[in-house]
Amino acid sequence: MTSSPQMATVSPVPSIASAEEGLRLLRAMKLIRAFEEQVRNLSAAGVIPGLVHLCAGQEAVAVGVCSLLRADDMIASNHRGHGHCLAKGGDVGRLLAEIMGRRTGYGLGRGGSLHIFDAANGNLGTTGIVGGGIPLATGAALSAKRQARGQVTAAFFGDGALNQGLLFEVMNMAAIWRLPVLFVCENNGFGEFTAIEDVTAGADPLARGQAFGIPSETVDGMDVLAVRMAAQTAIERAREGNGPSFLVCKTYRYGGHHAGDKQDYKDAEEAKAWRLKDPIERLSRLLKESGLASEAAIAALTQEIDREVRAVVDLAKVTPLPADDDFEAHLYA
Amino acid sequence: MPSPHTITYRAAVLEALFGEMRRDGSVILMGEDIGAAGGVFKQTEGLFAEFGSERVIDTPISESGVFGIAVGAAMTGQRPVFEVMFGDFITLIMDQLVNQAAKINYMSAGQFRVPLVVRTAVGVGGNLGPQHSQSLHAWPVHIPGLKVVMPATPADAKGLMAAAIRDDNPVVFFEDRMLYNLREAVPEGVHVVPIGSATVKREGRDVTIIAVSRMVHTALAAADLLAKEDISAEVVDPRSLMPLDVETLVASVKKTSRAIVVDGGYRQYGITGEIAATVAEHAFDWLDAPVLRIGGANVPIPFSKTLEPLVLPDAQRLARDATALVRGQR
């Protein structure tokens with residue numbers, strides 16, 4: 001339980017089925033990276049009010065899991081959730097509008113970054129309560145089991161949630177009721193400003209899942225293909241009625257707890273070492289080396305995404321703010 | 001109107017559960033000992049036999065986690081009725097209730113609804129002590145996005161449980177366990193009481209007593225005592241605390257020009273203050289006396305036989321206070 005990048009588990013070498021699949025995964029990760037970069041700038045410029053929690057560095061986990069989910073599968077996210085929202089098919093414009101507090105956002109601009117809900121894409125929401133999404137995803141799995149359409153759900157949470165009692169209560173029920181849910185821990189080494197090893201007992205977080213008899217696996221969260229391989233097994237297990245899985249994806253948060261955090265608690269050498277494992281660079285290199293995509297094709301993809309995100313930013317800036325009518329709207333159903 | 005039959009409060013709630021579960025396959029029950037055991041108060045007896053373990057779900061003693069799962073299930077097509085065995089234990093689900101269930105419809109701009117019921121047994125009696133006797137209804141009623149009901153009679157318990165299950169919002173349903181054996185006429189078949197509607201339990205001219213849950217019966221007994229003193233008391237039961245039927249309450253107070261608000265929860269910062277203030281705001285010019293608040297004592301509810309009876313107001317005390325109010329002695 002350290003944030004050293006050398007700790008990643010050795011697993012069978014994952015492979016890519018096709019150039020199309022590889023570029024799709026690369027695109028999804030690059031979109032998140034470009035989006036978060038714009039959010040960071042807009043936050044620094046004061047265009048986005050309040051606090052935002054960015055996920056640059058962790059893209060492989062959201063994309064690895066969500067790229068295998070069906071449209072009617074559901075996820076619950078956490079406070080660092082923009083990547084999950086996009087990976088599950090969220091609309092870039094509506095997402096940014098919500099983060100900017102605009103009325104064209106998913107929640108009429110009343111929720112903001114911490115409260116993004118996207119029912120059409122099966123997103124039960126980002127949340128401001130650490131661990132708060134875990135029971136929601138598990139409850140959705142209870143519905144899925146009753147409805148028997150083979151849906152699965154995934155709960156994304158950070159290593160900070162490993163010490164919430166709620167996680168253990170919910171894992172227990174998911175196990176005894178064999179619910180089709182994936183508990184996906186993004187272990188980025190820090191709960192807010194505090195290193196995980198300073199506040200977490202036990203040699204390995206996996207033991208938390210194993211205690212409930214839940215199949216548990218450590219995953220290289222900087223490798224989208226490794227995440228996919230682990231998620232594939234877990235999703236099949238859930239769809240077949242064999243209950244929950246626990247994935248601990250070792251990853252790294254390039255930014256601070258929130259945008260603007262000075263990060264003086266981080267070790268510079270360690271941060272540099274993690275950057276060498278960058279999930280986007282890693283997949284790009286693999287695509288090039290295996291001849292599935294050219295340097296030029298990847299550069300074109302990057303430019304295309306940058307243009308797309310910049311256009312979304314320009315549009316969001318001129319979308320309307322909520323009006324008085326929106327103040328109490330939807331207080332009750 | 002279907003014909004009434006005389007059953008207990010407990011049986012009346014059970015009738016609503018049977019009715020709604022037969023009517024709507026998405027209604028599920030979740031709680032401790034509610035399945036095979038039939039509930040610690042026999043309040044779910046027979047449901048497990050008819051609907052099975054898939055719909056009457058025995059849960060571990062993990063209130064927070066179970067309730068969180070119920071919220072997720074409610075967001076995705078189920079209508080859970082989640083049982084908190086004792087009302088004192090709603091403290092264990094407060095995060096899910098306050099930060100998730102109450103706000104999801106608002107935060108998602110209506111994309112997700114949370115149609116669930118929290119039912120819980122409250123009330124002083126039986127010497128169960130400080131952690132099994134409280135009425136914490138003032139907690140959820142403080143939170144925008146929640147509805148709160150507190151039926152006093154078997155008929156209202158049946159009708160409000162049906163309404164709560166059909167409601168698309170989270171509804172907290174407080175039932176006083178000392179009312180469970182109360183027998184009264186209850187409509188057979190489908191019976192729904194709209195949430196947010198108060199009822200005048202007894203008409204009167206001189207003073208309005210606004211009382212909820214078990215205190216309604218205390219107020220009615222006090223009204224009998226007051227009648228012997230030639231004081232005519234009107235008893236109004238809000239039935240729902242949120243939304244509150246302000247119109248019915250205020251109409252009564254304008255008629256009688258005096259109001260007493262009685263509740264079994266702690267008096268400090270409790271619902272008596274809110275209701276008294278609401279009545280005063282709307283009927284100030286009609287009032288001949290300050291609105292009187294009578295609540296549960298502001299102490300942890302003691303276990304001992306000599307102390308527990310001191311917690312709640314009784315009919316004699318209420319009648320004495322009402323007499324003083326009407327005669328201008330307060």
Side-chain angles (χ1 to χ4, degrees), chain A residues 74 76 98 103 105-112 114-120 122-129 131-147 151 153 155 164-174 176-177 179 181 322 326 328-333, chain B residues 25-28 30 53-55 57-80 82 92-93 95-96 98-116 143-147 167-171 195-196 242-243:
Chain A
M74 310 205 84
E98 185 61 33
R103 104 170 286 282
Y106 277 109
L108 298 174
R110 290 118 27 111
L114 288 176
H115 309 288
I116 310 280
F117 295 81
D118 181 5
N123 183 349
L124 298 158
T126 60
T127 183
I129 306 293
I134 300 168
L136 302 185
T138 309
L142 182 76
S143 286
K145 190 176 180 190
R146 283 209 70 205
Q147 289 155 356
Q151 287 163 283
T153 69
Q164 285 280 27
L166 192 57
L167 174 68
F168 312 133
E169 293 192 16
V170 168
M171 277 184 158
N172 178 53
M173 283 176 275
I176 56 173
W177 296 336
L179 298 178
V181 58
D326 300 320
E328 291 186 351
H330 304 290
L331 177 56
Y332 288 93
Chain B
S26 70
V27 179
I28 57 173
M30 303 177 81
S53 60
E54 195 203 330
R55 292 185 67 193
I57 302 170
D58 273 319
T59 70
I61 305 172
S62 301
E63 286 86 352
S64 178
V66 182
F67 184 62
I69 288 173
V71 175
M75 292 171 75
T76 51
Q78 312 305 309
R79 288 186 176 272
F82 171 73
L92 294 164
I93 66 163
D95 174 55
Q96 322 289 331
V98 172
N99 285 318
Q100 307 290 359
K103 296 173 173 56
I104 283 172
N105 191 70
Y106 183 85
M107 296 190 297
S108 74
Q111 294 181 75
F112 286 105
R113 293 179 171 185
V114 186
L116 61 76
I143 304 301
L146 300 178
K147 294 187 179 181
D167 202 284
D168 282 335
N169 298 284
V171 181
I195 295 175
M242 180 57 67

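Convention: sequence-line order gives letters A, B, ...; per-chain numbering from 1. For the numbers below, each heavy atom of this structure counts, side chains included, while hydrogens, waters and symmetry mates do not.
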Which bit of [X] comes within less than 4.5 Å of chain A, counting heavy atoms only: side chain, backbone, both or neither?
{"X": "B/Leu146", "answer": "backbone"}
{"X": "B/Met75", "answer": "side chain"}
{"X": "B/Gln100", "answer": "side chain"}
{"X": "B/Val66", "answer": "both"}
{"X": "B/Asp95", "answer": "side chain"}
{"X": "B/Lys103", "answer": "neither"}

Side chain / backbone / both / neither for [X] at chain B, heavy atoms under 4.5 Å:
{"X": "A/Met74", "answer": "side chain"}
{"X": "A/Asp326", "answer": "backbone"}
{"X": "A/Thr153", "answer": "neither"}
{"X": "A/Ile129", "answer": "side chain"}
{"X": "A/Leu142", "answer": "side chain"}
{"X": "A/Ala329", "answer": "backbone"}

Nearest 0.5 Å please: distance from the [atom1] atom of [X] over to the [atom2] atom of [Y].
{"X": "B/Ile69", "Y": "B/Gln96", "atom1": "CD1", "atom2": "CD", "answer": "9.5 Å"}
{"X": "B/Ile57", "Y": "B/Phe82", "atom1": "CD1", "atom2": "CZ", "answer": "11.5 Å"}
{"X": "B/Ile195", "Y": "B/Lys147", "atom1": "CD1", "atom2": "NZ", "answer": "5.0 Å"}
{"X": "A/Glu328", "Y": "A/Arg110", "atom1": "CD", "atom2": "CZ", "answer": "10.0 Å"}
{"X": "B/Met30", "Y": "B/Thr59", "atom1": "CE", "atom2": "OG1", "answer": "7.0 Å"}
{"X": "B/Asn169", "Y": "B/Leu116", "atom1": "CG", "atom2": "CG", "answer": "9.5 Å"}

Pick whichever of A/Ala144, A/Gly111, A/Ser143 has the most heavy-atom pairs under 4.5 Å with chain B.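 Highest number of heavy-atom pairs under 4.5 Å: A/Ser143.
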As an exercise: rank A/Thr138, A/Leu124, A/Val170, A/Leu108 by heavy-atom pairs under 4.5 Å with chain B and give me the winner.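 The residue among A/Thr138, A/Leu124, A/Val170, A/Leu108 with the greatest pair count is A/Leu124.
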Heavy-atom side-chain proximity of A/Leu166 to B/Ser64 below 4.5 angstrom: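 With C-beta onward as the side chain, the pair touches.
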Ion pair B/Asp168/B/Arg79, N-O distance below 4.0 Å: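 Looking at B/Arg79 together with B/Asp168, the answer is yes, because their closest N to O distance falls below 4.0 Å.
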Aromatic contact, A/Phe117 with A/Tyr106 (centres under 6.0 Å):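 For A/Phe117 and A/Tyr106, the ring centres are not under 6.0 Å apart.
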